[in-house]
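For reference, the structure is listed below as structure tokens.
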There are 2 protein chains.
Amino acid sequence: MSDLLERLRGRGWRMTAQRRVVAEVLDGEHVHLTADEVHARAVAKLPEISRATVYNTLGELVSLGEVLEVATDKRAKRYDPNAHRPHQHLVCGQCGAIRDVHPKGNPLADLPDAERFGFTISDVEVTYRGLCPTCAGA
Amino acid sequence: MSDLLERLRGRGWRMTAQRRVVAEVLDGEHVHLTADEVHARAVAKLPEISRATVYNTLGELVSLGEVLEVATDKRAKRYDPNAHRPHQHLVCGQCGAIRDVHPKGNPLADLPDAERFGFTISDVEVTYRGLCPTCAGA
DNA sequence: GCTTGACTTAGACATTGTCCATTGTAGGAT
DNA sequence: ATCCTACAATGGACAATGTCTAAGTCAAGC
């Protein structure tokens, strides 16, 4: 986390209380917050932070490649700070819980040339959907 | 398409001009329209159709399993009438073009038990991202 | 400790989607 | 063929999420 702040400062990022708070909120494993959730938690630490700043900062972190946008549910974008270790997502369709997962194999190899329509493919996203133990047990 | 209307009628779906128009708009291969685009095309055929009806009808078609919701971009949901042949999507990050693709292999097998967190997995979505020939050529 | 340009703010606006009360109508009953 | 009635459509308000702008504020270099 502090390494994140260091990295950003090194890239000429101006350090402000707001940006620090947003970065702190996004710390951790299996963290996938919506912009609104980030804002709520940021407000708890810094009451006067505005929605626009949270959106701006999240957008900047995404551009800098420090945070990933994920669209696991169809409502709001979620922000995943685990951007430096490639991974996929496992989502509970009931409660929305999300876990980072690391499948073996390379899905790209599974797509025949004939199915590529001449595209230059740069990335593959995989989302596993199902029920978490709690929701399945009910 | 008319088989779709037949199937729906058989399930007790009341047939109205609006529903017919929405179903017609969704006909074809590699069709992935947003709700708004569906509405725009439906209006062209039936000027008095309302937004709410389009949303309702799309929701019903999804519930009935005749149409899939896909979230390839983070803006609006898209509707894919190709619900009866399992497939994945290939998306151009520049222009947003979407193609249906059929990868070999089973991505589910690539997820080790240790990475399943006790989830019951029922579905896997794969999205290939890149550039289409037109956008890559530019 | 100034200065300055980048950052933040509040709130208006935009887009996408949902809800509800009212009006209309498909399709079976007569 | 006409009537009934439950189901469907309408339009407009509302909600959720995200974007933009003008004006004020402040971090960081001098």
Side-chain angles (χ1 to χ4, degrees), chain A residues 5-25 32-64 66-80 96, chain B residues 5-25 32-64 66-80 96:
Chain A
L5 294 180
E6 278 319 307
R7 261 202 312 279
L8 293 172
R9 195 194 303 270
R11 293 208 224 170
W13 224 44
R14 191 144 132 195
M15 193 49 51
T16 67
Q18 290 84 349
R19 287 174 169 185
R20 199 160 17 238
V21 165
V22 169
E24 279 169 25
V25 164
H32 308 86
L33 301 169
T34 64
D36 236 39
E37 288 163 352
V38 172
H39 180 233
R41 297 188 188 198
V43 163
K45 295 171 177 246
L46 185 69
E48 68 275 25
I49 193 171
S50 77
R51 254 168 24 95
T53 296
V54 171
Y55 276 101
N56 287 342
T57 305
L58 289 172
E60 285 155 15
L61 288 169
V62 170
S63 298
L64 292 169
E66 297 290 347
V67 164
L68 294 177
E69 261 179 22
V70 289
T72 52
D73 78 52
K74 281 103 175 189
R75 305 260 311 276
K77 295 178 200 170
R78 292 182 173 275
Y79 293 89
D80 183 341
Chain B
L5 294 179
E6 279 319 308
R7 261 202 311 280
L8 294 171
R9 195 195 303 269
R11 294 207 224 170
W13 222 47
R14 191 146 131 193
M15 193 48 52
T16 68
Q18 290 84 348
R19 287 174 168 184
R20 198 161 19 237
V21 164
V22 169
E24 279 169 25
V25 164
H32 308 87
L33 300 170
T34 64
D36 236 39
E37 287 164 353
V38 172
H39 180 232
R41 298 189 186 197
V43 163
K45 295 172 176 247
L46 186 69
E48 68 275 27
I49 193 170
S50 76
R51 257 169 22 99
T53 297
V54 171
Y55 276 100
N56 287 341
T57 305
L58 288 172
E60 286 155 15
L61 288 169
V62 170
S63 298
L64 292 169
E66 297 291 347
V67 164
L68 295 176
E69 261 179 21
V70 289
T72 52
D73 79 54
K74 281 100 174 190
R75 307 259 313 274
K77 294 178 201 169
R78 291 181 174 275
Y79 294 89
D80 183 341

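Residue numbering restarts at 1 for every chain, and letters A, B, ... go by the order of the sequence lines.
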Under-4.0 Å salt bridge between B/R11 and B/E66: yes

C/dG17 base / B/R51 side chain donor-acceptor hit below 3.5 Å: yes

Under 4.5 Å between any side-chain heavy atoms of [X] and [Y], yes or no?
X     : Y     : value
B/L33 : B/D80 : no
B/M15 : B/L5  : yes
A/V38 : A/Y55 : no

Touch class at under 4.0 angstrom, heavy-atom based, for B/A52 against every strand present: base

D/dC26 phosphate, OP1 or OP2, under 4.0 Å from A/Q18 side-chain N/O: no

Short side-chain N/O contact from A/Y55 to OP1 or OP2 of D/dT19, under 4.0 Å: no

Test item: B/R19 side-chain N/O and B/R14 main-chain N/O as donor-acceptor pair under 3.5 Å: yes

Whether B/T53 side chain and B/I49 backbone form a donor-acceptor pair below 3.5 Å: no

End axis versus end axis in the helix from C/dG1-D/dC30 to C/dT30-D/dA1, the angle rounded to 10°, five pairs used at each terminus: 30°

Residue whose closest nucleotide on DNA chain D lies nearer the 5' end, B/R14 versus A/T16: B/R14

Closest listed nucleotide, where the reference is the side chain of A/T53 and the choices are D/dA9, C/dT9, D/dG18: C/dT9

Closest nucleotide among D/dT10, D/dT17, C/dC7 to the A/D36 side chain: D/dT17

For atom CG of B/L58 and atom C1' of C/dT18, their distance in whole Å: 14 Å

Length of the line joining A/M15:CE and C/dT8:C1', which is rounded to integer Å: 15 Å

